[in-house]
A.B. asks: 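This structure is in structure tokens; I'll ask about it shortly.
Quick caveat, the model's predicted, so the values are computed rather than measured.
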Number of protein chains: 2
Amino acid sequence: MLEALEANYGYLFEEELLQEINSVGTCKDIPEGYKLIEIGDYIRSMPLLVSGAIKILREDENGDELILYFIERGDTCAMTLSCCLGQSKSEIRAVAETDTKLIMIPVQKMEEWLGKYKSWQKFILQSYHDRMSELLNAIDTIAFLKMDERLFIYLKDKAMVNHNDVIHVTHQEISQDLHTSRVVISRLLKKLAINGKIELQRNNIKVIDL
Amino acid sequence: MLEALEANYGYLFEEELLQEINSVGTCKDIPEGYKLIEIGDYIRSMPLLVSGAIKILREDENGDELILYFIERGDTCAMTLSCCLGQSKSEIRAVAETDTKLIMIPVQKMEEWLGKYKSWQKFILQSYHDRMSELLNAIDTIAFLKMDERLFIYLKDKAMVNHNDVIHVTHQEISQDLHTSRVVISRLLKKLAINGKIELQRNNIKVIDL
DNA sequence: TATAAAAGGTGACTTTTGTTACCAAATACC
DNA sequence: GGTATTTGGTAACAAAAGTCACCTTTTATA
């Protein structure tokens, strides 16, 4: 685990903290599609991403979903942070977008380190800042853009976190992430294809304009 | 200032911290409508709300606005926090919704206290948590609700922070906050009035259903 | 292989929201 | 008092998004 830690977090944390993380953290390999956090869950440990990507979703009372953003390596989930420290329930769902490696830190340790390591404190605050920015970005997208633009941004983001310009996804899945209907997505995808921004195949979409 | 501090933050902070805030903080009286923070501003001090309310807005490249939430007494602005600590530019605009009393804390102090006072650290983290929840709430409203519901929630929120069920606002102003057009708002307000949820007068709206 | 399920293409229609234009009433200001 | 500005009411239309229905093609599975 230590190598993964050094590679992803070495530039952030001092040796002593890295050692501590190494001794109390537990490595986890998560398969694509695995639901890491459900809305309403109490969180008992905090994930540090080593590789892969996680999709963060919001849901309303009717069960309608909406993607908020993706988390990548070197990130942590500030929502989780928030829930750990506030001892409140999760307000979001987290699903592995790809196969993912995590290091899980117990809540008590992460609180302890806040007083002990300046670099940890800085990391936590930076994570809050980053996640706040992501949320604002999500708001911009939802509030100011039309569905065709949102769709294209979604496809580009998905291509990015998957390190692949061919995305394996169905129209149905997209419509759920963007909180619209399958018919609307099929319609807009066709328009994007006609404009040469994407290429469509069954279960796959190739993003051209990157 | 000390009385205001004790009344609003006494239950949160120990005596020593209250004294420190008292000695380095500066009181500010802000008139309704005053722009506290503009997008792109660098933030050099952090506000603690003593009374009144502040409206937090997002803006896109075209200058179109969107209200995110209101901040009330006992709160601070986690966005500001975020900008202070990260030394980054403000991503939001803050406008006094009512006449407002603030205590401004210099950035250096608030960083210093993070290491020195556990209660301060807790307060800062709690503020992040609260603001994150507010942002999620804003996302729910924008993404899952129709404009008529958003409008009614907006009116109720505004009545709440103004401690008055009669809101002094024009249709034009509402349409800016909700990022739509004046005609749409007039149309929906009329429907709400017909359904007995509000009463309309020129420049004033009375919220009935609270 | 037969059948069912999943994926998605498409027309027709509705609802919601946005836009333009024009009007009248209230208010501000000279 | 007279004029300009602000406020907002409303019709008519356009665009975006949502819904329904029905179809074909591909894939999974009994």
A.B. asks: Which part of the nucleic acid does B/T170 contact within heavy-atom distance under 4.0 Å: base, sugar-phosphate only, or nothing?
C.D. replies: sugar-phosphate
A.B. asks: Find the distance B/R202:CZ to C/dA25:P and express it as a whole number of Å.
C.D. replies: 12 Å
A.B. asks: Take atom CD1 of A/I185 and atom C1' of D/dA17, then tell me their distance rounded to the nearest Å.
C.D. replies: 11 Å
A.B. asks: How many whole angstroms separate atom CD of B/Q201 from atom P of D/dT6?
C.D. replies: 22 Å
A.B. asks: When you measure from the side-chain N and O atoms of B/K190 to the phosphate of D/dT10, is any distance below 4.0 Å, counting only OP1 and OP2?
C.D. replies: yes
A.B. asks: From CG of A/L192 over to C1' of C/dG9, roughly how many Å is that when rounded to an integer?
C.D. replies: 16 Å
A.B. asks: A/V183 or B/E173: which one's nearest nucleotide on DNA chain D is closer to the 5' end?
C.D. replies: B/E173
A.B. asks: Closer than 4.0 Å, any side-chain N/O of A/T180 to the OP1 or OP2 of D/dG18?
C.D. replies: yes
A.B. asks: Measure the distance from CG on A/L200 to C1' on C/dG9 and round it to the nearest whole Å.
C.D. replies: 11 Å
A.B. asks: Would you kindly check whether a donor in the side chain of A/R182 faces an acceptor in the base of C/dG9, or vice versa, at under 3.5 angstrom?
C.D. replies: yes
A.B. asks: Separation of B/K146 atom NZ from D/dT19 atom C1', in whole Å?
C.D. replies: 11 Å
A.B. asks: Ion pair present between B/R93 and B/E59, side-chain N to carboxylate O less than 4.0 angstrom?
C.D. replies: yes
A.B. asks: Is a side-chain donor or acceptor of B/N162 paired with a backbone partner of B/K158 at a separation under 3.5 angstrom?
C.D. replies: yes
A.B. asks: What orientation do A/F13 and A/W120 show, parallel under 30°, tilted 30 to 60°, or perpendicular over 60°?
C.D. replies: tilted
A.B. asks: Between P on D/dA15 and CZ on A/R187, what's the gap in Å once rounded to a whole number?
C.D. replies: 15 Å
A.B. asks: Can you check the A/H171 NE2 to C/dG9 C1' distance for me, whole Å?
C.D. replies: 9 Å
A.B. asks: Would you check if the side chain of B/S175 reaches a backbone N or O of B/I185 as a donor-acceptor pair within less than 3.5 Å?
C.D. replies: no
